[in-house]
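Notes to accompany the following structure.
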Amino acid sequence: MKKVVKFGGSSLASAEQFKKVGEIIRADEGRRYVIPSAPGKRFNEDIKVTDMLYQCYALAQEGKNFDKELMAIKTRYDEIISGLELNLSLDEEFEIIKRNFHELAGSDYAASRGEYLNGIVMANYLGYEFIDAADYIFFHDDGTYNPVKTEEILGIKLDETERAVIPGFYGSYDDGRVKTFSRGGSDVTGSIVAAAAKVDMYENWTDVSGFLIADPRIIHNPKTIKSITYKELRELAYMGATVLHEDAIFPVRKEGIPINIKNTNKPEDEGTMIVESTCRSSEYTITGIAGKKGFVSINIEKDMMNSEIGFGRKVLEAFEKHGISFEHMPSGIDTMTIFVHQPEFEGKEQQVLADIHRLAHPDSIDIESDLALIAVVGRGMKAAKGTAGRIFSALAHARINVKMIDQGSSELNIIIGVKNCDFEGAIKSIYDIFVETQL
Ligand code: ASP
């Protein structure tokens with residue numbers, strides 16, 4: 001089984017972590033393409049190498065001396081190199097980086113050096129070929145990823161390369177300038193390489209044993225999701241659950257390659273499998289719960305709204321005009337409600353309301369602030385009866401007032417609106433009824 005393995009920053013923060021990674025790779029012949037992140041935090045207050053690089057480059061831009069800062073970064077790598085007893089020196093690489101910083105090669109170039117150098121160390125440690133991502137992953141001039149050129153050139157290279165280390169997070173424009181993905185983008189590189197090499201599995205190694213059913217800051221020791229579909233993941237990620245970069249889904253999904261989220265510190269744990277579809281039903285009716293606070297609902301009423309063609313469009317136009325995107329839009333016969341992010345809306349509130357009046361002539365508009373949205377997601381809900389009923393009885397039991405409910409037609413999720421102050425309580429009671437007591 002051919003695999004791409006991507007390791008996050010905390011998995012590569014020190015020589016000790018590198019050794020764990022080495023053992024994982026050597027334990028499976030199929031782990032042929034390795035994508036490293038830059039060294040991450042070794043302890044809570046530590047600084048990621050990527051952040052150190054951004055800070056160092058900011059000094060270069062201000063024309064200030066950055067020798068000490070660059071040295072601190074070099075020390076991070078030197079400690080790893082000596083901890084692994086490698087015969088490797090990064091002196092020349094750091095000379096080049098210093099020169100390029102003086103020439104203001106760009107903050108993307110600066111940030112990318114974290115992965116680039118870690119790739120060199122990793123390739124030396126494993127005895128794998130080093131492939132510079134700048135030569136094989138490409139971006140369009142507008143900064144978007146160029147899949148056509150990348151797949152062709154990278155595909156050919158990987159075809160003829162048995163084993164390689166390809167640093168995550170960056171690629172280049174046609175003119176050779178380095179460009180990075182957004183933060184956390186090594187996940188995207190892993191996905192691109194997995195698709196180009198047509199591997200059987202993309203293993204994404206991190207410091208947790210997969211996706212959790214709910215946020216551990218709210219639920220003590222929540223259970224892990226064993227398998228989740230891409231669609232379910234999208235719903236949960238959209239509502240704030242993070243483990244994987246959002247854009248990492250697309251390249252592998254196109255090729256039908258599953259992603260396995262694994263824990264470097266507990267490699268024996270199964271982790272979470274992310275798949276296109278599965279006959280494996282999830283252990284519980286729900287797959288996961290996620291949510292966000294800080295919404296405002298704008299409730300608009302007008303008699304005979306249902307028969308007025310274009311009413312919805314006119315209302316939405318008022319939001320569009322002020323550059324506000326809406327999150328949800330449940331509607332009744334003569335009412336429609338728009339959920340927007342409170343911070344985005346607050347400053348423009350009166351202009352938006354005036355525009356709604358002008359464009360759509362509603363009978364009344366009523367605003368409620370400090371709301372939270374919670375998504376209960378699960379492919380199992382379609383077949384299960386009474387899911388909504390169970391959610392409501394759990395919330396009623398916890399004396400939580402439900403402000404809004406919206407079930408998508410895919411029956412993959414139910415969105416619930418509650419007051420911000422009821423957010424944690426609502427998640428606890430939903431988790432409890434579906435996972436703990438399974439009533
Ligand atoms: N090192 C980059 C970051 O900190 C990219 C990554 O780790 O995926 O965002």
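Both counts, for ligands and for their atoms, begin at 1 and track the order of listing.
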**Item:** Those residues that, when tested against Lys98, pass salt bridge (Lys or Arg N to Asp or Glu O under 4.0 Å) (two or more places apart)
**Value:** Asp67
**Item:** Close-range residues for ligand 1, whose non-hydrogen atoms fall below the 4.0 Å threshold
**Value:** Ser37, Lys48, Thr50, Glu115, Phe169, Arg183, Gly184, Gly185, Ser186
**Asked** Who are the side-chain hydrogen bond (donor to acceptor under 3.5 Å, both in side chains) partners of Asp135, not counting sequence neighbours?
**Response** none
**Message:** Less than 4.0 angstrom from a charged side-chain N to a carboxylate O is my criterion; do Glu203 and Lys262 meet it?
**Reply:** no
**Message:** The criterion is side-chain contact (heavy atoms from CB on, under 4.5 Å); which residues satisfy it with Pro39, sequence neighbours excluded?
**Reply:** Val49, Arg76, Tyr77, Ile80, Asn118
**Prompt:** When you check the gap from the basic side-chain N to the acidic O, do Arg42 and Glu79 get nearer than 4.0 Å?
**Reply:** yes
**Asked** Between Asp51 and Arg183, is there a salt bridge with N-O shorter than 4.0 Å?
**Response** yes
